[in-house]
Each structure stands twice: as C-alpha cells, then as structure tokens.
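For reference, the structure is listed below as structure tokens.
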Amino acid sequence: MAASSNSSLSGSSLSSDPEDYQPPIWKSYLYQLQQEAPRPKRITCPQEMESRPKYYGREFHGMISRDYADELLAGAEGAYLIRESQRQPGTHTLALRFGHQTLNYRLFYDGKHFVGEKRFESVHDLVTDALITLYIETKAAEYIAKMTTNPIYEHLGYTSLLKDKMVHRLNRGRTEPRRVTFQRDERISSPLVRRSALKDTPEKQCSYEKIHNFKVHTFRGPHWCEYCANFMWGLIAQGVRCSDCGLNVHKQCSKLVPSDCQPDLRRIKKVFSCDLTTLVKAHNTTRPMVVDMCIREIELRGMKSEGLYRVSGFSEHIEDVRLAFDRDGEKADISASAYADINIIAGALKLYLRDLPIPVITFDLYSKFIQAAKIPNAESRLEAIHEGLLQLPPAHYETLRYLMAHLKRVTMFEKDNLMNAENLGIVFGPTLMQPPEINALTTLNDMRQQKLVVQLIIEHEDVLF
C-alpha cells in the first residue's frame, strides 16, 4: 500500500492564525483505489428464461447450481449473474466473481434491488458499488482502520477557525451565564432556601452544544470526508450529511465528530416543529424568537385578560400566526393591528411549545420530574425538581426559565385574569411535559403530577432558577 502520499494533508498549510488557514487538499488514496476497482461484467443467459422475473434482465440464468454458476463466472473478475436458488425455489442469488472466488448473496427486490442496507435502481449499479466496496476494503483495510486517527477536524488551523466562528456567533449579544443558586429572601422561611443559600450550587452554563443530525446521503460526483479528509467511496449512500449544518463525513467518522453543530439558516425550513436547540443556534439567540415575541406581546396588552392561556383563540388565526413565523421569522407581525384577540397569540405560543419534537422538559427527564412530584416532603420535592432543571439542555433550561418568570408575572394579575399557578399548571403541564412513549393511560395517570411540577416551578421560580 502506497500510504506515503497520504500521511499528511498533501500540501495544506496549517497555521495557528485562523486568518492564514487554507482549505486542505483531500487525501486521494481511496479515490485512486475506487478508480482501480474491477468493473461489472454481466454474464448473459444464451436462452430466454420463462421463469425470469420482469425486474431482471438477461443476467438471470434460472435454477442453476452454485458449481455451474462458478464455471460460468470463472476467470472474469467482476463477472456476475443471477440464479434462482435450488435450496429455496422462488428466492434469488447474486453470484459475483471477486478475488478469484465466487461470492453468493441473497438478492431482494421491493421496487429497488438490494442485498443489504443500500437500495439500487439497477442490478448493474448494485454490482458496481459492491465491487468498489470489496476492492477498497480488501486493499485498504488497515488504512481505513487508521484513517480517523489524524483527522483534519483536529488540526490547529481548521479547528481554530471553526471554534472562532462558533464562539463569535454564540457570544454575540449574549449576557454572561447566570449562576443558578437559591437566593435567600427574608420573606421566605423555607429550610430549602436557608440551606441552599449557604451551599455552592452548580453553574448552569449556556454552552448550547448541539449534536449533528446526520442522515445517510448519496453524493453526486467525488466527495471527501470533512472529518478525516479521505474519499467517500461507493456509488450511492457513500456517507452521511448533517441536515442542519451540511457537514459531510463517513458513517464511521460521524461517531467521532464533536457536538459542535452550527445550524445553517438556509437549511432550517421552518420555525414551528423545529428542534429547540437547532433553532436558537441557527438564529443565534438564547431562546426561540416565538417565545420572546409572544410573551412580549402578551405582557404588553394581555396580562389582565380573563382566562389568559385557558381561553382558546380561533384556531384558524392561530394557524395564521404559525405560518407567519415559519415564513417571516422575527419579522412576523403579531401586533394588535394584526391580531386584536390576545388569546390568538397565547394560543400560538402554546402550539409552538406543544409541537416541539423534543418537549421543553425533555423525554429523558420526564420520569425524573414525575417522580419528584410524588415526593411527599415539600422541601425534598423542590430539591428534586431543581436537580432535574439542572440536567436540562441549556436552550431548554433558558426557555423554561424565561417562560416561568413570565407565568409568575401572570399570576400577579390573578384578580383580573383569574389565572393562578395551579390553573396555569393545568394548562402548561401537558404542553411542557410529554411521556417518551405515547400511551393514553400513562398520560392520564400523570396529569396530576404534570400540573404539580409546572405549578411548583411557577410558584418557586425565583428560587429554582
């Protein structure tokens, strides 16, 4: 193996100064191997086979033995044919010549041809991809095993440029992280507050880390992995692409990429139903714009509205607000001139929170909060809820903190709006907390705890955050 030409970035200039960074020249060894891979050679049947399925061509030889298939393919690297299995009539086998031996694969068709995960439009494409994969993995097994040990992702010039861009975007317009601690208040005599004021509590950092949203992708034309700089071989599904930021890597490299996804606004198609962390990172905000804008509008003109958040607005108008945010983002008009009824704005906020793919109180913490609500001792119950809050992802934590502070202010107008913390807990419990698995019985049984969790967070908002 001529690995010497691949031990570096082939002339890329690395510098500690991001301004001097030059894009790497991709490593070409695996690309060269793909060019050398055997080409498919179809072995056609000399006679027409009446039993041939309509989705196979003349490469179908009917029910022949393995030995006879081996004879037909002998001496032609890359030769292939399809035969009907003698052991299991009605099933089909792809016989492929590679490495001076005949390889047999169970062949399937469901509108596309496949022997494994990849699905192909034609048998010829399937064989082409198989020969490339077999050739590269045979010739470069050791190289592939080691190709992630010196990734371009870790090189100083490449990484510092990425980090500088991320830090600049994350810090632009952001205040310093707030220390989460129980502040002592002489008006509150709870032992929880007295004890918590004396101890150090963890600081809730707003790092807003986000894992990449990788999905299998077929690249048209040659593509190189942006983690290890090696060629992404094969005919289809050569690697994975992050659907949020566009990073292209090998499937095996995707497991090693740091949680540093910086979503690209051009890839974020909508505001509603978008992952919370993805949205705030894409828009470079600490909270979703929907939350900020709706709360601002409600506090401007709706705090005394009777049944605020309990009374529903017209669903058609709420849908209009959703479409406005998806279409116009922060430029969406939700003013009184556009929507005089404040319940429409309140309904849009609830819809946004309800439609999050991962709820504000995340699926993995759901049971922790439900169990916390069942603790009989009031002080221990609040301690358990606080521990759960500290485990929320930063964007979820900040969104919940801001929302609870707003709902606390709503309760201050209870005389007018008739909405106390318990009533708001009934409304927002199922909106902010959803069980990981959809189960009507579980949801019904947990409703009391859902309500209590939100009620307690509203009542003790100044203590818990």
If we ignore angles and hydrogens, is there a donor and acceptor under 3.5 Å between the side chains of Asp260 and His212? yes
Are Tyr309 and Leu407 side-chain neighbours, meaning at least one heavy-atom pair lies under 4.5 Å? yes
Mind running side-chain contact (heavy atoms from CB on, under 4.5 Å) on Phe428 and Ile458 for me, showing each step along the way? CA-CA 11 Å; Phe428 280 93; Ile458 293 172; 6.0 Å; no
Heavy-atom closest pair, residues Leu349 and Val290: CD1-O, 4.4 Å
Main-chain N/O of Ala130 paired with Thr133 side-chain donor or acceptor, under 3.5 Å: no
Minimum side-chain heavy-atom gap Arg322-Lys270 below 4.5 Å: no
Are the side chains of Val410 and Leu308 in touch, meaning some heavy atoms are under 4.5 Å apart? yes
Between CD on residue Glu319 and CG on residue Leu351, distance to nearest 0.5 Å: 7.0 Å
Considering only NZ, NE, NH1 and NH2 on the basic side and carboxylate oxygens on the acidic side, decide whether Asp244 and Lys281 come within less than 4.0 Å. no
How far apart are the C-alpha atoms of Asn230 and Tyr143, what are their side-chain angles, what is the distance that settles it, and do they pass the side-chain contact (heavy atoms from CB on, under 4.5 Å) test? CA-CA 10 Å; Asn230 281 289; Tyr143 182 86; 2.6 Å; yes
Do His396 side-chain atoms and Val360 backbone N/O form a donor-acceptor pair below 3.5 Å? yes
State whether the side chain of His113 and the backbone N or O of Leu107 hold a donor-acceptor pair below 3.5 Å, judged by distance alone. no
Whether Glu297 side chain and Ile345 backbone form a donor-acceptor pair below 3.5 Å: no
Hey, does the side chain of Asn417 reach the backbone of Glu306 with a donor-acceptor pair shorter than 3.5 angstrom? no
Counting only heavy atoms not in Arg448 (residues, nucleotides, ligands), do more than 12 fall under 6.0 Å from its CZ? no
Asp341 vs His317, side-chain contact (heavy atoms from CB on, under 4.5 Å): CA-CA, chis, key distance, verdict: CA-CA 10 Å; Asp341 183 3; His317 293 165; over 6 Å; no
Roughly how far, to the nearest 0.5 Å, is CG of Asp125 from OG of Ser122? 3.5 Å
Distance in Å, Leu94 CG paired with Leu126 CG, rounded so as to fall on 0.5 Å steps: 6.5 Å
Do any N or O atoms from the side chain of Gln238 and from the backbone of Phe219 form a donor-acceptor pair under 3.5 angstrom? yes
For the residue pair Phe325 and Phe272, does the interplanar ring angle fall in the parallel (under 30°), tilted (30 to 60°) or perpendicular (over 60°) class? tilted
Would you say Gln32 and Ser28 are linked by a side-chain donor-acceptor pair, where the criterion is simply a distance under 3.5 Å? yes
Does Lys374 reach the main-chain N or O of Gln449 with its side chain, forming a donor-acceptor pair under 3.5 Å? no
Are Tyr397 and Phe465 an aromatic pair, judged by ring center distance below 6.0 Å? yes
Can you see whether Asn213 engages Ser243 through a side-chain donor-acceptor pair at a distance of less than 3.5 angstrom? yes
Donor + acceptor pair across side chains of Gln391, Glu387 (<3.5 Å): no
So do Phe108 and Val115 actually touch side chain to side chain, heavy atoms under 4.5 Å? no
Nearest 0.5 Å please: distance from the CZ atom of Phe369 over to the CE atom of Met433. 7.0 Å
Counting only heavy atoms from other residues, nucleotides and ligands, does the tally under 6.0 Å from CG of Leu418 exceed 12? yes
Quick check: do Pro288 and Val291 have side-chain heavy atoms less than 4.5 Å from each other? yes
Phe231: what forms a ring pair (Phe, Tyr, Trp, His ring centres under 6.0 Å) with it, not counting sequence neighbours? Tyr31, Trp224
Taking atom types as modelled, find out whether Asn248 and Glu226 have a side-chain donor-acceptor pair closer than 3.5 angstrom. yes
Check: Lys210 and Asp275 side chains under 4.5 Å, non-hydrogen atoms: yes
Under 6.0 Å between ring centres, would you say that holds for His223 and Trp233? no
Short side-chain donor-acceptor distance under 3.5 Å, Gln450 and Tyr366: yes
Give, for atom NE2 of His250 and atom CD1 of Ile144, the distance between the pair rounded to the nearest 0.5 Å. 8.0 Å
Leu389 and Ile457: CA distance, side-chain angles, deciding distance, side-chain contact (heavy atoms from CB on, under 4.5 Å) verdict: CA-CA 10 Å; Leu389 292 173; Ile457 297 176; 4.2 Å; yes
For Arg241, which residues count as a salt bridge (Lys or Arg N to Asp or Glu O under 4.0 Å) partner, sequence neighbours excluded? none
Ala373 and Leu452: which non-hydrogen atoms are nearest, and at how many Å? O-CD2, 3.5 Å
In terms of heavy-atom contacts, does CZ of Phe314 have more than 12 from other residues, nucleotides or ligands at under 6.0 Å? no
Can you measure from CG (Leu392) to OG1 (Thr399) and round to the nearest 0.5 angstrom? 10.0 Å
Decide yes or no for Phe413 and Lys304: does some side-chain heavy atom of the first lie under 4.5 Å from some side-chain heavy atom of the second? yes
Is any side-chain heavy atom of Val453 closer than 4.5 Å to a side-chain heavy atom of Ile370? no
Is a side-chain donor or acceptor of Asn420 paired with a backbone partner of Asn423 at a separation under 3.5 angstrom? yes
Minimum-distance pair of heavy atoms, taken over all atoms of Ile298 and Ala346: CD1-CA, 3.8 Å
So, using salt bridge (Lys or Arg N to Asp or Glu O under 4.0 Å) as the criterion, who are the partners of Lys118 when residues are at least two apart? Asp129
Check whether any side-chain N or O of Lys451 sits under 3.5 Å from a backbone N or O of Glu422 as a donor-acceptor pair, and report yes or no. no
Taking Ser380 for its side chain and Asn377 for its backbone only, find out whether a donor-acceptor pair lies under 3.5 Å. no
